[in-house]
Undergrad: 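Encoded as structure tokens, here's the structure I'll be asking about.
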Amino acid sequence: MPKDVITQRSVDYNQWYLDIVREADLAEVAEVVRGCIVVKAHGWAIWELMQRALDERIKATGHANVQFPLLIPKSFIMKEAQHVEGFAPEVAEVTRAGGEELAEPYVIRPTSETIIGYFYSKWIRSYRDLPLLYNQWANVMRWEMRTRPFLRTAEFWWQEGHTAHATEAEAEEETLRILHEVYADFVEKEMAVPVIRGLKTEKEKFPGALRSYCIEAMMQDGRALQAGTSHNLGQNFARAFDITFTDQNNTIQYAWTTSWGVSTRLIGALIMTHSDDEGLVLPPRLAPIQVVVVPIYKNDEERSAVMAAVTRMTAEWKGRLRFKVDDRDNYSPGYKFNEWELKGVPVRIEIGPKDVAKETVALARRDLPGKTGKSFVPQAGLTERIEALLSEMQTALFQRALAFREAHTADVTTYEELKAQVERGFARAFWAGDTADEKRIQEETRATIRCIPLEQPGITGRCVYTGRETDRQVIFARAY
RNA sequence: CGGGGCGUGGCUCAGCCUGGUAGAGCACCGCGUUUGGGACGCGGGGGUCGUGGGUUCAAAUCCCUCCGCCCCGACCA
């Protein structure tokens with residue numbers, strides 16, 4: 001009988017999430033450092049796979065990695081008006097070092113636009129220096145009021161891209177390229193999480209940005225999770241940090257900058273999109289262990305026969321599959337089955353004396369828990385079978401998540417419908433309101449406009465709130 | 001920052017109301033039997049009861065102080 005270690009989603013979704021994080025050994029709340037977590041080996045291994053896949057895309061689109069300081073002079077944060085307003089309340093400051101008060105406090109970076117802006121102003125002289133396409137992998141700190149592992153922690157790990165361009169059109173092109181070719185492509189293909197690409201409203205955009213684009217995903221409780229953002233900063237930061245260049249006509253111009261980031265929050269998205277009441281479910285492409293082998297035997301004689309078959313079987317997996325042979329002898333097979341299910345390993349191979357005799361193995365797929373996903377298959381051709389299965393599971397997870405999102409998305413035409421729909425998922429509505437209207441709706445429904453999708457229907461309708469005719473549709477949802 | 005809850009072996013908690021010198025389950029260690037969906041028996045180790053003070057012959061228990069954590073809201077990648 002399975003132990004009652006994971007709260008059922010239907011009972012308490014929030015507790016279920018925390019149980020998965022704990023039981024899959026992804027992270028632990030670092031109770032000695034407020035709001036922070038320790039990312040444990042399994043969690044970090046997933047992040048490393050995410051980093052690798054993202055980094056490839058970031059480099060393929062022409063960017064190079066750099067590293068800026070963790071500490072930023074406090075005055076830098078104060079230079080861009082909206083930026084100050086957005087981040088000042090949540091920065092941590094360093095006021096003492098070397099045993100004395102600092103003349104000017106540093107802040108621990110909540111994001112690096114300001115310090116990067118300072119250096120870009122030194123580095124950029126001519127249009128020939130542009131575009132400047134840099135990215136950094138870093139940890140940042142935001143003193144959030146309320147934290148949850150991965151979804152919102154005081155310290156988190158991310159990449160932040162920062163680019164500078166000669167024209168507004170180039171900056172806009174960059175912002176959208178990142179959204180499509182890096183973020184949406186990564187999240188949908190690697191994470192198997194479908195996203196809606198869109199533009200943030202004025203209320204929701206990044207502090208200091210001209211425009212913020214985002215990808216939004218739906219979690220299994222119908223709430224939205226912002227999975228990535230790409231900002232066109234216009235000339236706002238260039239003006240604040242004096243990032244100028246001389247153009248072809250020998251005229252001094254402010255540069256057009258962008259910034260974009262995704263964080264360890266994506267691990268939260270991964271959990272809340274695919275996992276079930278049995279534990280974590282990982283898309284094969286991001287599973288640190290794709291196949292686990294559980295050998296089964298009663299005595300030394302059986303053990304050597306089984307292990308010989310395991311060695312033969314796994315020999316051709318090297319370089320093709322990420323696998324682990326669980327040969328611990330202090331745990332029973334049943335214990336191991338459950339443990340690897342909790343940890344989300346996509347495929348499990350069980351091999352015992354009966355299989356050795358019949359030249360078969362038991363193959364279990366994680367996305368179909370229990371007996372449904374378990375079958376006995378021949379050892380011959382197993383590697384190809386597993387590779388095909390992993391690929392099939394990757395697709396199946398995406399399709400399942402997409403079907404779920406579509407089933408929990410509805411067009412609403414009245415405010416009453418909107419209120420009801422955000423209780424269960426995304427509400428798609430025509431919108432012609434302003435920021436004040438948006439705030440009022442948030443107060444009344446706890447839902448916000450997640451984005452103005454880039455894909456619009458091309459027809460007009462009446463705004464769900466003001467009743468005005470408009471051709472713009474938006475997505476309302478409660479967000480994490 | 002408002003509202004609530006909780007600090008007792010590694011973990012989850014009981015004991016507190018009604019004061020009498022600390023317990024369970026899990027985990028861990030040893031030995032043996034086990035091993036195809038979270039094995040079992042026997043033996044064993046481990047706790048300044050968050051901190052400081054007070055009341056008392058006696059405090060995990062009653063009173064006060066401080067600290068920390070968690071949950072629910074408002075704010076946010």
Side-chain angles (χ1 to χ4, degrees), chain A residues 1-6 12 14-15 18-19 22-23 28-36 85-91 110-111 138-160 183 200 203-207 212 214-217 224-231 259-269 278-279 294-300 302-303 306 326-342 348-356 360-362 364 369-371 373-374 376 439 442-443 446 448 479-480:
Chain A
M1 283 293 105
K3 281 189 190 170
D4 199 13
V5 291
I6 293 180
D12 184 344
N14 182 48
Q15 188 57 50
L18 295 170
D19 290 346
R22 184 189 66 249
E23 292 300 320
E28 182 169 320
V29 172
E31 69 273 9
V32 290
V33 188
R34 212 206 74 155
C36 291
E85 200 184 324
F87 285 105
E90 56 187 56
V91 296
T111 179
N139 53 346
V140 292
M141 178 160 275
R142 299 179 188 177
W143 212 249
E144 301 290 353
M145 287 299 123
R146 191 168 157 227
T147 58
R148 309 180 65 197
F150 295 120
L151 297 174
R152 176 158 298 103
T153 47
E155 179 186 23
F156 59 94
W157 293 266
W158 75 347
Q159 58 70 219
E160 47 178 326
Y183 292 162
K200 285 292 184 192
K203 174 176 171 297
E204 298 285 325
K205 75 176 188 187
F206 179 75
S212 289
C214 64
I215 49 175
E216 295 282 332
L225 188 115
Q226 181 175 304
T229 45
S230 184
H231 315 290
S259 72
W260 27 275
V262 296
S263 71
T264 36
R265 163 180 260 203
L266 288 177
I267 298 173
E278 321 304 320
V294 179
I296 298 160
Y297 45 79
K298 288 189 170 61
N299 50 47
D300 283 350
E302 286 183 357
R303 181 177 197 282
V306 168
D326 187 355
D327 57 359
R328 293 174 297 176
D329 56 10
N330 55 331
Y331 290 104
S332 68
Y335 181 92
K336 294 175 184 177
F337 298 165
N338 284 287
E339 177 171 333
W340 295 116
E341 247 164 41
L342 281 170
R348 186 180 67 246
I349 300 293
E350 307 166 16
I351 176 164
K354 294 174 207 165
D355 298 298
V356 173
T360 59
V361 296
K371 290 224 156 50
K374 193 158 157 176
F376 288 86
K439 279 185 179 150
Q442 181 174 9
E443 281 160 22
R446 288 167 56 209
T448 50
Y480 274 97

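Quick note on labels: first sequence line is chain A, next is B, and so on, each numbered from 1.
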Undergrad: Nearest to the A:P333 side chain among B:G37, B:U35, B:A77, which nucleotide is it?
TA: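 Comparing B:G37, B:U35, B:A77 against the side chain of A:P333, the answer is B:U35.
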
Undergrad: Using Watson-Crick or G-U wobble geometry with both distances under 3.5 Å, which nucleotide pairs with B:G41?
TA: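 Its partner is B:C31.
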
Undergrad: Taking B:C69 as the reference, what is the distance to B:G53 when you measure between their C1' atoms (whole Å, please)?
TA: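 Approximately 23 Å lies between the C1' atom of B:G53 and that of B:C69.
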
Undergrad: Considering only atom C1', compute the distance from B:C49 to B:C16 and round it to an integer number of Å.
TA: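 Taking atom C1' in both B:C49 and B:C16, they lie 11 Å apart.
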
Undergrad: Which residue lies toward the 5' end of RNA chain B, A:R446 or A:R348, if each is placed at its nearest nucleotide?
TA: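 First, find each residue's nearest nucleotide; the 5'-ward one identifies A:R348.
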
Undergrad: Counting heavy atoms from C-beta on, name the nucleotide in B:C69, B:G37, B:G36 closest to the side chain of A:R34.
TA: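 For A:R34, the side-chain atoms sit closest to B:C69.
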
Undergrad: Quantified in whole Å, what is the P atom distance between nucleotide B:U61 and nucleotide B:U18?
TA: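 After rounding to an integer number of Å, I get 14 Å for this pair.
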
Undergrad: Under 4.0 Å between any heavy atoms, over every strand shown, what does A:D355 touch: base, sugar-phosphate, or nothing? Just pick one.
TA: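 Answer is base: heavy atoms of A:D355 come under 4.0 Å of a base.
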
Undergrad: As a test of reading the structure: which of B:A77, B:U35, B:G38 is closest to the side chain of A:K298, going by heavy atoms?
TA: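 Of B:A77, B:U35, B:G38, B:U35 is nearest to the side chain of A:K298.
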
Undergrad: Using 0.5 Å steps for rounding, measure from the CG atom of A:D329 to the OH atom of A:Y297.
TA: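 So the CG of A:D329 and the OH of A:Y297 are separated by 5.5 Å.
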
Undergrad: Which nucleotide wins on minimum distance to the side chain of A:Y331, given the candidates B:G36, B:C28, B:G37?
TA: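 Taking heavy atoms from C-beta onward, the closest nucleotide is B:C28.
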
Undergrad: When the C1' atoms of B:G54 and B:G19 are considered, how many whole Å apart are they?
TA: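 To the nearest whole Å, 15 Å.
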
Undergrad: From the list B:G37, B:C71, B:C75, which nucleotide is the closest neighbour of the side chain of A:N14?
TA: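 Nearest nucleotide to the side chain: B:C71.
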
Undergrad: Applying the Watson-Crick and G-U wobble criteria at under 3.5 Å, what pairs with B:G10? Answer none if nothing qualifies.
TA: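 Pair assignment: B:G10 / B:C26.
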
Undergrad: Does the plane of the ring in A:Y331 sit parallel, tilted or perpendicular to the ring in A:Y335? Use 30° and 60° as the thresholds.
TA: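 Judged by the thresholds at 30° and 60°, the geometry between A:Y331 and A:Y335 is parallel.
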
Undergrad: Return the stacking result for B:A77 and A:F156: yes when the ring centres lie under 5.5 Å apart and the planes under 30°, no otherwise.
TA: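 According to the criterion (under 5.5 Å, under 30°), yes, A:F156 stacks.
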
Undergrad: Of the listed nucleotides (B:G36, B:G38, B:G37), which one gets closest to any side-chain atom of A:Y335?
TA: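 Looking only at side-chain atoms, A:Y335 lies closest to B:G38.
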
Undergrad: With rounding to whole Å, what would you report as the distance between B:A59 and B:U21 at their C1' atoms?
TA: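 Those two atoms are separated by 9 Å.
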
Undergrad: Do A:R348 and A:F337 meet the cation-pi criteria used here (NZ or CZ under 6.0 Å from the six-membered ring centre, within 45° of the axis)?
TA: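 Relative to the ring axis of A:F337, which defines the angle, A:R348 lies inside both limits.
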
Undergrad: Starting the side chain at C-beta, find the nucleotide from B:A77, B:G36, B:C70 nearest to A:P353.
TA: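 Ranking B:A77, B:G36, B:C70 by closest atom to the A:P353 side chain puts B:G36 first.
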
Undergrad: Once you round it to whole Å, what is the distance between P of B:A77 and CZ of A:F150?
TA: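 After rounding, the reported distance stands at 19 Å.
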
Undergrad: Side-chain contact test, heavy atoms from C-beta onward, threshold under 4.5 Å: evaluate it for A:T153 versus A:R148 and give yes or no.
TA: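 They are not in side-chain contact.
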
Undergrad: Quick check on A:D300: does its CG atom have over 12 non-hydrogen neighbours (other residues, nucleotides or ligands) under 6.0 Å away?
TA: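 Check fails, neighbour count at 12 or below.
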
Undergrad: Does A:K354 come within less than 4.0 Å of A:E302, counting only side-chain N to carboxylate O?
TA: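 A salt bridge is absent here (no side-chain N lies under 4.0 Å from a carboxylate O).
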
Undergrad: Checking side-chain polar atoms at under 3.5 Å, does A:S212 have a donor or acceptor matched by the opposite partner on A:H231?
TA: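 There is such a pair between these side chains.
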
Undergrad: Are A:S332 and B:G38 close enough that a side-chain N or O sits under 4.0 Å from OP1 or OP2?
TA: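 No, A:S332 has no side-chain N/O under 4.0 Å of OP1/OP2 on B:G38.
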
Undergrad: Hey, which of these two, A:W158 or A:K354, hits RNA chain B nearer its 5' end, going by closest nucleotide?
TA: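 It is A:K354, whose closest nucleotide lies nearer the 5' terminus.
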
Undergrad: So A:S263, base contact, sugar-phosphate only, or nothing? Heavy-atom distance under 4.0 Å.
TA: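 Base: the residue A:S263, judged by heavy atoms under 4.0 Å, touches a nucleobase.
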
Undergrad: Among the nucleotides B:G37, B:G36, B:A39, which one has an atom lying closest to any side-chain atom of A:A362?
TA: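 In terms of side-chain proximity for A:A362, the closest of B:G37, B:G36, B:A39 is B:G36.
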
Undergrad: Watson-Crick or G-U wobble partner for B:C62, using a 3.5 Å limit on both distances?
TA: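 Its partner is B:G54 (Watson-Crick or G-U wobble, both distances under 3.5 Å).
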
Undergrad: Taking atom C1' in both B:A60 and B:C17, compute the distance separating them and give it to the nearest angstrom.
TA: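 The same atom, C1', in both gives a distance of 14 Å.
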
Undergrad: Taking B:A22 as the reference, what is the distance to B:G46 when you measure between their C1' atoms (whole Å, please)?
TA: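 Comparing C1' positions in B:G46 and B:A22 gives a spacing of 13 Å.
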
Undergrad: Describe the nucleic acid contact of A:K374 in one word from base, sugar-phosphate, nothing, applying a heavy-atom distance below 4.0 Å.
TA: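 Base, at least one base heavy atom under 4.0 Å.
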
Undergrad: Could you work out the separation of B:G15 and B:G23 based on their P atoms and round it to a whole Å?
TA: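 One P to the other, the span is 16 Å.
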
Undergrad: What contact category does A:T153 fall into here, base, sugar-phosphate, or nothing, at under 4.0 angstrom with non-hydrogen atoms?
TA: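 The answer is base, as A:T153 lies within the cut-off (heavy atoms under 4.0 Å) of a base atom.
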
Undergrad: Classify A:V140 by what it touches in the nucleic acid, base, sugar-phosphate, or nothing, heavy-atom distance under 4.0 Å.
TA: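 Answer is nothing: A:V140 stays at 4.0 Å or more from every strand.
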
Undergrad: Looking across every strand, which nucleic acid part, if any, lies under 4.0 Å from A:G352 by heavy atom: base, sugar-phosphate, or nothing?
TA: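 The residue A:G352 makes base contact.
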
Undergrad: Indicate, with a heavy-atom threshold strictly under 4.0 Å, whether A:Q15 touches base, sugar-phosphate, or nothing.
TA: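 Contact class for A:Q15: none.
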
Undergrad: Base, sugar-phosphate alone, or nothing: which one does A:L225 contact when heavy atoms must sit under 4.0 Å apart?
TA: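 The residue A:L225 makes no contact with any strand.
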
